[in-house]
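Here is the structure we will look at.
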Amino acid sequence: MRVLVLGDSHAACLIEAWREGGWAGGHAVAFFARPAGRPFAHVVAGGRLAAGSEAFAQFLAGLGQAAAHDLAAQDAVAVVGCGVSVCPMVRVLHHYRVLGWTERAPDEEMPAISEAVLRVAMAEALDASVAARIVADLRADPAMAGKTIHLLPQPFPSERLMASGGGVGAGVRGLLRRGLGHAICDVYLEELERFAGRLGVEVHVQPPETMRQGCLTATPFTEGARRLVNLEMAQRKEDILHANAGFGRLMLQQVLG
């Protein structure tokens, strides 16, 4: 099977897993990825996917990947990360409590919203993601007619954040101490399934064996995660967002079947 993987920095774990080898079945996997925080800069036209800027083309060359691909030659496409994550829900829950949710120490001074409102906020964030735009562009090209598009969300944050001090993990720690980890996971995964249904894609959720406390990734699946900008370098010690090749192998196995 020929699979083209599009993604942001979370594609690094899949690249590492693919490079490790040991894959049966004669698969061919190519990658079209760049770090988040800038326009994805892709062009889909005439049955081809191409880098929309010279800078993107050069970045792909640095990964040893082509800057253009024939979509008709692909059996499937996978979209990794690109704004599909639990983070929008976490940001809402920093400021609001949810009516009907059981918390260990609810802050009665915090404004309350219904779960329905939380779901709308999550759905709107997903619909506005880079992944949604990429899928729409692919679906608009006749070369993709009838072909499967796989969606691989960004992994949950690393459980290492529970042992750290302040920083980026502080908000998530607070939610977990309120006892909301499993409630967050349940709502997020349900909205993720609905999002996949709206896009007509096949979503691959994070394997249960990689998860802790409902909405964290177990440390063995985040240690040694690599940087997409330089796959020879590990992520910074304080990074809690990226997964490693072991995680990437599990996700790529889902795509390759």
Side-chain angles (χ1 to χ4, degrees), residues 1-18 27-45 47-52 56 59-60 63 65-88 122-156 188-189 191-207 228 241-243 247-257:
M1 181 166 66
R2 294 179 62 87
V3 178
L4 176 59
V5 178
L6 287 69
D8 56 16
S9 61
H10 297 285
C13 65
L14 280 81
I15 297 174
E16 288 295 291
W18 178 250
H27 301 295
V29 180
F31 296 90
F32 189 88
R34 71 178 309 174
R38 65 196 74 181
F40 199 73
H42 66 288
V43 176
V44 178
R48 286 173 60 81
L49 168 74
F56 192 6
F59 182 81
L60 289 165
L63 290 176
Q65 301 295 316
H69 298 271
D70 179 4
L71 293 173
Q74 311 301 321
D75 296 306
V77 172
V79 178
V80 182
C82 294
V84 179
S85 82
V86 75
C87 293
M122 188 69 241
E124 289 181 346
L126 291 171
D127 289 341
S129 66
V130 172
R133 179 166 57 85
I134 291 172
V135 171
D137 290 346
L138 291 171
R139 286 291 185 219
D141 194 288
M144 287 297 297
K147 296 191 176 184
T148 300
I149 297 179
H150 302 271
L151 178 65
L152 283 64
Q154 177 179 321
F156 288 110
Y188 171 63
L189 293 183
E191 290 308 315
L192 195 56
E193 290 285 352
R194 292 190 176 102
F195 174 61
R198 292 193 296 275
L199 292 185
V201 301
E202 183 175 338
V203 66
H204 298 274
V205 300
Q206 188 164 332
L228 183 65
L241 297 179
H242 294 86
F247 182 91
R249 180 170 289 271
L250 291 177
M251 299 307 294
L252 200 52
Q253 284 171 346
Q254 292 188 37
V255 172
L256 298 178

Should F59 and Q65 be marked as a side-chain contact (heavy atoms from CB on, under 4.5 Å) after you check the CA-CA gap, both sets of side-chain angles, and the distance that decides it?
CA-CA 9 Å; F59 182 81; Q65 301 295 316; over 6 Å; no
Is there a side-chain contact between L192 and P153 (heavy atoms, below 4.5 Å)?
yes
Is the shortest side-chain heavy-atom distance between F31 and L60 below 4.5 Å?
no
Do the side chain of [X] and the main chain of [Y] share a donor and acceptor less than 3.5 angstrom apart?
X	Y	answer
D8	C82	yes
Q74	D70	yes
R2	V29	no
Q206	F156	yes

Distance-minimising heavy-atom pair for [X] and [Y]:
X	Y	answer
L256	W18	CD1-CZ3, 4.2 Å
V79	A131	CG1-CB, 3.9 Å
P35	L228	N-CD2, 3.7 Å
V255	M1	O-CE, 3.4 Å
R139	L199	NE-O, 4.1 Å
L71	A143	CB-CB, 4.0 Å

Going by the ring pair (Phe, Tyr, Trp, His ring centres under 6.0 Å) test, which pairs reach into residues 124-155, not counting sequence neighbours?
H150-H204
Run I149 and E202 through side-chain contact (heavy atoms from CB on, under 4.5 Å) and show every step you take.
CA-CA 6 Å; I149 297 179; E202 183 175 338; over 6 Å; no
Identified side chain to side chain contact (heavy atoms under 4.5 Å, CB included) partner of L6 from the options L49, V135, V80, V130:
L49
With the threshold set at 4.0 Å, does a side-chain nitrogen-carboxylate oxygen contact exist between D75 and K147?
no
Using the benzene-type ring in the case of Trp, are the ring centres of F32 and F56 under 6.0 Å apart?
yes
Gap separating the [atom1] atom of [X] from the [atom2] atom of [Y], nearest 0.5 angstrom:
X	Y	atom1	atom2	result
E191	E124	CD	CD	11.0 Å
H69	L4	NE2	CG	5.0 Å
H42	I134	NE2	CD1	5.5 Å
R194	D127	CZ	CG	12.5 Å
C13	M251	SG	CE	8.0 Å
L241	C87	CG	SG	6.5 Å

With sequence neighbours excluded, give me every salt bridge (Lys or Arg N to Asp or Glu O under 4.0 Å) pair touching residues 248-257.
E20-R249
Steps toward side-chain contact (heavy atoms from CB on, under 4.5 Å) verdict (V5, V77):
CA-CA 6 Å; V5 178; V77 172; over 6 Å; no
Evaluate side-chain contact (heavy atoms from CB on, under 4.5 Å) for R133 paired with F40, printing each intermediate quantity in order.
CA-CA 10 Å; R133 179 166 57 85; F40 199 73; 4.2 Å; yes
